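Let me begin by presenting the structure, written as structure tokens, before commenting on it.
It should be emphasised that the depicted structure is a prediction, and the values quoted were computed from it without experimental measurement.
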Amino acid sequence: MSNDIQIYLCCHFIVILSFHSSGFSDVFDADYFITQMNGFVNVVKELPPEISSKEPHRVDCSKRKGQFDYIESVLPFLLKYHYVSITPAVSQRRDRYPKYAKAALCQACYRALKLTESLEKKANKLLEAIPKPFLSLHLRFEPDMVAYSQCQYSGLSPTSMKALEAARGDDRKPWTGEAARIWRNRGKCPLTPNETAFILQALSIPTNTNIYLAAGDGLMEIEGLTSIYSNVVTKSALLSGEDFETMHGNTKAALDYCVSINSDSYMATYFGNMDKMVAAMRAFKGLYKTLFLSRRAFAEFTSRGLEGKPLMEALWKAHKDDFIKGRGSALSDCFCEFKL
């Protein structure tokens, strides 16, 4: 799904439109979103002709480092050009937002998002089919993900190595030598399915646990998980061929999101946009069994030569506080200032 959002400033209010090109309406009910945002911000599906005929001023906020501040970095362009297209920043400073802006943000994140009717039916069908109780595991070890990380892995199967080399191309060569060690110890390398299974065992997750695998297409080395945890189910196995084959990446991810915010427990091997959304929504709903597995801790301990039982004990200590609390993260402003 594209992250571009076009914003037009007119007479002190903002009109936002993203539906026509972003793929938003493939996943979410756009009319419901517009209705729910009424009174917070005006949302339209189409720009008026006198605006749509112009080119917006583009502002890319997505790759800015640190906490991004829209007031400093976007508002001046918005006031100058009146019509801008932005790629939103994931990390934002919210301390300078006025209360009405914080309220709009919370409403958009927690009240205004609803799956399309057809996706909601598939999600409910999927939830009914999953054995209960269950853990939703968001596992990221697809070829493009691993290629993007520029990490080295030993012991991968020939099939995985072939897929990985194809995804790397010429501009994503892996780090080598000391640079590779530093990169891995910073927690930049995705956990393999086998490493993930090892951490689950370190946390005393029973091997007969029902696990819903929230993952993209082409997940590599999955046997490393399923050889230890045998009760692993996927959406492709639980949905009928017709239901599944008509779906694309965004709609499949939406099913994973819906299942994950309703699962008994949620664990993730990464902290990407979906994980942040899931953790926040689970906290909002009062579902606190949420945990992010530490890539950095695993890398640091293995680099010291720890293995077997000593490694398991170290991993338990690294995750213990978060595991016992079992709390997700959310937009704090939404909990202490507003009752939506």
Heavy-atom distance under 4.5 Å between the side chains of Phe33 and Lys114, does that happen here? no

So, does Arg172 use its side chain to make a donor-acceptor pair with the main chain of Ala147 at under 3.5 Å? no

Does one side chain, of Ser263 or Ser260, offer a donor that lies under 3.5 Å from an acceptor on the other? no

Any donor-acceptor pair under 3.5 Å from Asp264 side chain to Phe134 backbone: yes

Looking at Phe271, is Lys276 sitting on its ring face, NZ or CZ under 6.0 Å from the six-membered ring centre and within 45 degrees of the normal? yes

Short question: side chain of Arg282, backbone of Lys289 - any donor-acceptor pair under 3.5 Å? yes

Around Glu307, counting heavy atoms of other residues, nucleotides and ligands shown, do more than 12 lie under 6.0 Å from its CD? no

For the backbone of Pro49 and the side chain of Ser53, can you confirm whether one donor and one acceptor N or O come within less than 3.5 Å of each other? yes

Checking the side chain of Trp183 only, and the main-chain atoms of Ser149 only, is there a donor and an acceptor separated by less than 3.5 Å? yes

Can you confirm whether Met161 sits close enough to Glu165 that some side-chain heavy atom of one is under 4.5 Å from a side-chain heavy atom of the other? yes

Between Gln201 and Thr207, is any side-chain donor less than 3.5 angstrom from a side-chain acceptor? no

Taking the side chain as every heavy atom from C-beta outward, state whether Ile34 and Val44 have any atom pair closer than 4.5 Å. no

Could you walk me through whether Lys121 and Glu117 pass salt bridge (charged side-chain N to carboxylate O under 4.0 Å, His left out), step by step? CA-CA 6 Å; Lys121 287 181 180 178; Glu117 185 177 355; 3.7 Å; yes

Lys80, NZ atom: more than 12 neighbouring heavy atoms under 6.0 Å: no

Looking only at side chains, do Glu221 and Thr192 share a donor and an acceptor under 3.5 Å apart? no

With the side chain counted from C-beta on, respond yes when Met267 and Leu200 share a heavy-atom pair under 4.5 Å apart, and no when they do not. yes

Hey, does Leu315 have a side-chain heavy atom less than 4.5 Å from the side chain of Phe198? yes

Tell me, do Leu225 and Leu137 make a side-chain contact under 4.5 Å, heavy atoms counted? yes

Lys/Arg cation over aromatic Tyr153: Arg184, 6.0 Å, 45° cone: yes

Those residues at least two apart in sequence (or on a different chain) that pass side-chain contact (heavy atoms from CB on, under 4.5 Å) with Asn231 are Asn208, Asn210

Under 3.5 Å: donor-acceptor pair, side chain of Asp275, backbone of Gly272: yes

Does any part of the side chain of Val278, heavy atoms only, come nearer than 4.5 Å to the side chain of Thr290, both counted from C-beta? no

Verify the neighbour count for atom CZ of Phe77: are there more than 12 heavy atoms of other residues, nucleotides or ligands below 6.0 Å? no

Measure up the Phe24 and Phe28 rings against each other and bin them: parallel (under 30°), tilted (30 to 60°), perpendicular (over 60°). tilted

Looking only at the side chains, is there a donor atom on one of Thr269 and Arg140 sitting less than 3.5 Å from an acceptor on the other? no

Is it true that, when you exclude Lys309 itself, more than 12 heavy atoms of the residues, nucleotides or ligands shown sit nearer than 6.0 Å to its NZ? no

Are any of the side-chain heavy atoms of Ile199 and Trp316 separated by less than 4.5 Å? no

Report yes or no: does Tyr266 contribute a side-chain atom to a donor-acceptor pair with the main-chain N or O of His138 at less than 3.5 Å? no

The residue among Leu219, Leu213, Asp256 that forms side chain to side chain contact (heavy atoms under 4.5 Å, CB included) with Thr234 is Leu213

